J.: 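Submitted below is the structure of interest, expressed as structure tokens.
By convention here, the first residue in the shown sequence is residue 1. We count ligands from 1, going down the list as the structure has it; atoms in each ligand are counted the same way. Here the structure is a predicted model, which means the values were calculated and not measured.
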Amino acid sequence: MVGLRSALDRRRHVARTGRERAVRGAQAQPASADQPGKIPARAVIDKCRRCDLWRRATQGVAGAGPPRADVMLIGEQPGDQEDRAGLPFVGPSGKMLDRLMDEAGLDRSVCFVTNAVKHFKWESRGKRRLHRRPNVTEIEACFPWLEQEIAALQPRVIILLGATAARSLLHRTAAIESLRGRALVHASGARIFATYHPSALLRADEGAQRLRAALVHDLKRAVRALEDLGR
Ligand code: URA
């Protein structure tokens with residue numbers, strides 16, 4: 001179950017007793033998890049048949065990063081290069097993300113990076129495989145994996161990269177502009193920061209500089225939140 005609380009509620013939440021925390025942990029276990037308490041392995045994700053995207057993808061792409069990471073970043077879905085490599089954010093968007101994280105002082109090697117949808121959705125254009133945005137049915141079909149990753153990892157901070165990640169975790173469609181800067185808290189207690197997807201910067205136009213500054217600003221807010229939590 002995912003819910004949102006205000007920052008004030010979050011402070012009250014942090015002050016709760018150990019017994020209450022144990023209950024919270026139990027609630028964080030998704031009923032649909034194939035292996036509750038464990039980060040879903042690559043081989044398990046690869047066998048997912050909850051929607052049809054697996055049919056045209058090379059493989060399922062699981063999240064990657066240390067199993068005790070405090071920060072989880074959620075993207076949309078694997079792209080062409082991620083689909084071939086079996087790893088998230090290794091293509092052009094990933095390289096852009098690396099640069100933005102560097103600029104914000106967020107070390108990717110200590111973060112868990114994943115996607116809302118684990119199989120690549122694409123259409124062919126000549127010899128190229130062009131990304132197609134996953135629909136709500138596909139996003140929801142994939143949600144149990146994300147839920148399982150969060151339950152196993154128990155991150156302190158969750159960064160939503162783009163509208164698909166936001167749709168998945170918040171279960172509602174909202175423009176990133178309306179979510180940026182809001183004090184969102186996941187039912188697990190993790191602080192949520194919504195920002196633009198790094199691929200928006202690859203379509204370089206006159207708005208790219210403004211978008212880049214906004215993205216780095218949002219990542220820095222997440223870093224500060226982590227520091228406030230003593231991490
Ligand atoms: N690569 C990913 O892994 N995720 C995205 O959202 C985009 C590119």
J.: Examine F120 together with H131 and report whether their ring centres are nearer than 6.0 Å.
T.: no
J.: So for ligand 1, is S93 a polar contact partner (N or O within less than 3.5 Å, distance only)?
T.: no
J.: In the protein, which heavy atom is nearest to atom 4 (N) of ligand 1, and how far is it?
T.: N115 OD1, 2.7 Å
J.: Under the criterion side-chain contact (heavy atoms from CB on, under 4.5 Å), which of E103, R99, M101 is the partner of V216?
T.: E103
J.: As an exercise, identify every atom of ligand 1 less than 4.0 angstrom from a heavy atom of P88.
T.: 3 (O)
J.: For ligand 1, is any non-hydrogen atom under 4.0 Å from E76's backbone (N, CA, C, O), its side chain (CB onward), both, or neither?
T.: both
J.: Does H197 approach ligand 1 within less than 4.0 angstrom via side chain, backbone, both or neither, non-hydrogen atoms only?
T.: side chain
J.: Where the side chain of E82 meets the backbone of G79, is there a donor-acceptor pair that is under 3.5 Å apart?
T.: yes
J.: Output the list of atoms in ligand 1 that are nearer than 4.0 Å to some heavy atom of G75, sorted by atom number.
T.: 6 (O)
J.: Can a side-chain donor-acceptor contact be found between T173 and R167 if the only test is distance below 3.5 angstrom?
T.: yes
J.: Quick test: of every protein heavy atom, which one is nearest to atom 5 (C) of ligand 1, and how far off is it to 0.1 Å?
T.: Q77 O, 3.0 Å
J.: Donor-acceptor pair, Q148 side chain versus K38 backbone, under 3.5 Å?
T.: yes
J.: Take F89 and H197, measure what ring pair (Phe, Tyr, Trp, His ring centres under 6.0 Å) needs, and give me the verdict at the end.
T.: CA-CA 11 Å; F89 280 105; H197 192 284; 5.7 Å; yes
J.: Compute the shortest N/O to N/O distance between F89 and ligand 1 and return yes if it is under 3.5 Å, no if not.
T.: yes
